[in-house]
Chemist: 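Attaching a single structure in structure tokens format; questions to follow.
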Amino acid sequence: ERVGREALAEALHVLVGQHGRGREDRHLAARVLFVPRVASSEMPALFRAADAVLDTFPFGGGVTSLQAMAAGVAPVTLPEPGAWSGQLTLSMYHQLAVAVGGDGAKHSSFRVSGPRDSSVVENTLGLFEACVARDAVDYAQKAVRLAKDAVLRQQLRAVIREHAQGALFNDKRAAREWARFLYGLI
């Protein structure tokens, strides 16, 4: 595990040296931390201390994204069509969008039909789009933007803190769907 973290850190610094645009990129690369495995009880503090949290790909970190949102932090994700990668985190953003002000948000995009307050929904969806990438380059750009933009980070955290509890952790619809699925197995 330690060897893998060191190899990733070294590769990042080499890439920044080869492709970086100068001092600012080297400074940003120096701020990237590869954290060893920690106890679950330590995770919320790590998330809150981070400028950007990345949903891993090609294998998405559904539980990790849920833990980040429980701490009020917005992970950057790359949902890949036809794969699990990023899909769970995208679904979490979808649930938050519904909670903020709309009914019937469409899963594959952030369009919300029948919003209670379209301006609130539009503003919130724009915030979430700051965390949902289209490709690997966009993923890196969104991560860097989030790391650099304290105002954007605070806006995202405020929306997540206000709505995550009800939308992600106390949603009775999810429990009913799960019960229906299990009942169908018998």
Side-chain angles (χ1 to χ4, degrees), residues 4-35 46-47 50-100 102 104-113 121-160 163-164 167-168:
R5 283 193 315 277
E6 290 172 2
L8 282 171
E10 182 179 325
L12 175 67
H13 291 286
V14 167
L15 285 171
V16 167
Q18 292 172 348
H19 304 286
R21 292 179 301 271
R23 195 175 103 135
E24 184 178 334
D25 283 353
R26 284 190 296 279
H27 174 70
L28 189 61
R31 292 174 45 202
V32 174
L33 296 177
F34 294 95
V35 180
L46 279 173
F47 286 128
D51 290 332
V53 171
L54 306 178
D55 183 14
T56 58
F57 72 91
F59 303 101
V63 172
T64 306
S65 292
L66 197 59
Q67 289 173 321
M69 289 190 185
V73 176
V76 176
T77 190
L78 174 58
E80 296 189 44
W84 276 104
S85 178
Q87 296 297 327
L88 294 173
T89 305
L90 177 62
S91 293
M92 292 172 209
Y93 284 125
H94 170 260
Q95 287 297 108
L96 285 167
V98 171
V100 168
K106 187 177 179 184
H107 180 77
S108 62
S109 72
F110 280 115
R111 292 186 198 100
V112 179
S113 60
V121 172
E122 191 173 307
N123 290 339
T124 304
L125 299 181
L127 283 176
F128 293 155
E129 287 175 355
C131 297
V132 180
R134 294 178 307 276
D135 54 40
V137 171
D138 192 39
Y139 177 84
Q141 290 170 340
K142 287 179 186 293
V144 169
R145 178 178 179 216
L146 193 59
K148 289 181 175 181
D149 191 338
V151 172
L152 174 62
R153 235 179 5 259
Q154 291 309 315
Q155 290 172 332
L156 282 161
R157 289 179 181 204
V159 170
I160 290 172
H163 296 284
L168 301 178

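In this text the structure is predicted, and so the values were computed from the model without any measurement.
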Chemist: Kindly give the heavy-atom pair with the smallest separation between C131 and L146, and that separation in Å.
Modeler: SG-CD2, 4.4 Å
Chemist: Rounded at 0.5 Å granularity, tell me how far CG in D149 sits from NZ in K142.
Modeler: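 Separation between the atoms: 12.0 Å.
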Chemist: About how many Å separate NE2 of H163 and CD of Q95, when rounded to the nearest 0.5 Å?
Modeler: 13.0 Å
Chemist: Side-chain contact test, heavy atoms from C-beta onward, threshold under 4.5 Å: evaluate it for L96 versus V159 and give yes or no.
Modeler: no
Chemist: Within this structure, what is the OH-CG distance for the pair Y93 and L168, rounded to the nearest 0.5 Å?
Modeler: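 Output value for this atom pair is 10.0 Å.
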Chemist: Show me the side-chain donor-acceptor pairs of residues 65-75 shorter than 3.5 Å, one per line, residues at least two apart or across chains.
Modeler:
{"unit_1": "S65", "atom_1": "OG", "unit_2": "G61", "atom_2": "O", "d": "3.3"}
{"unit_1": "S65", "atom_1": "OG", "unit_2": "T89", "atom_2": "OG1", "d": "2.6"}

Chemist: For P79 and Q87, work out which heavy atoms get closest and say how close.
Modeler: CB-NE2, 3.6 Å
Chemist: What distance do L88 atom CG and H94 atom NE2 have between them, rounded to the nearest 0.5 Å?
Modeler: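 Reported value, rounded in 0.5 Å steps: 13.5 Å.
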Chemist: First locate atom CG of D135, then atom CD of Q141, and finally report the distance between them rounded to the nearest 0.5 Å.
Modeler: 8.0 Å
Chemist: Give the minimum heavy-atom separation between G86 and D55, together with the two atoms involved.
Modeler: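 Looks like CA-OD2, 3.5 Å.
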Chemist: Which atom pair, heavy atoms only, marks the closest approach of V76 to A143?
Modeler: CG2-CA, 4.0 Å
Chemist: Enter the distance from R145:CZ to D51:CG here, rounded to the nearest 0.5 Å.
Modeler: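 R145 atom CZ to D51 atom CG measures 14.5 Å (nearest 0.5 Å).
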Chemist: Given Y139, which partner from the list T77, V144, L78, V132 fulfils the side chain to side chain contact (heavy atoms under 4.5 Å, CB included) test?
Modeler: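 Going through T77, V144, L78, V132 one by one, the side chain to side chain contact (heavy atoms under 4.5 Å, CB included) with Y139 is satisfied by L78 alone.
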Chemist: Do T64 and T56 come within less than 4.5 Å of each other through their side chains, counting heavy atoms only?
Modeler: no
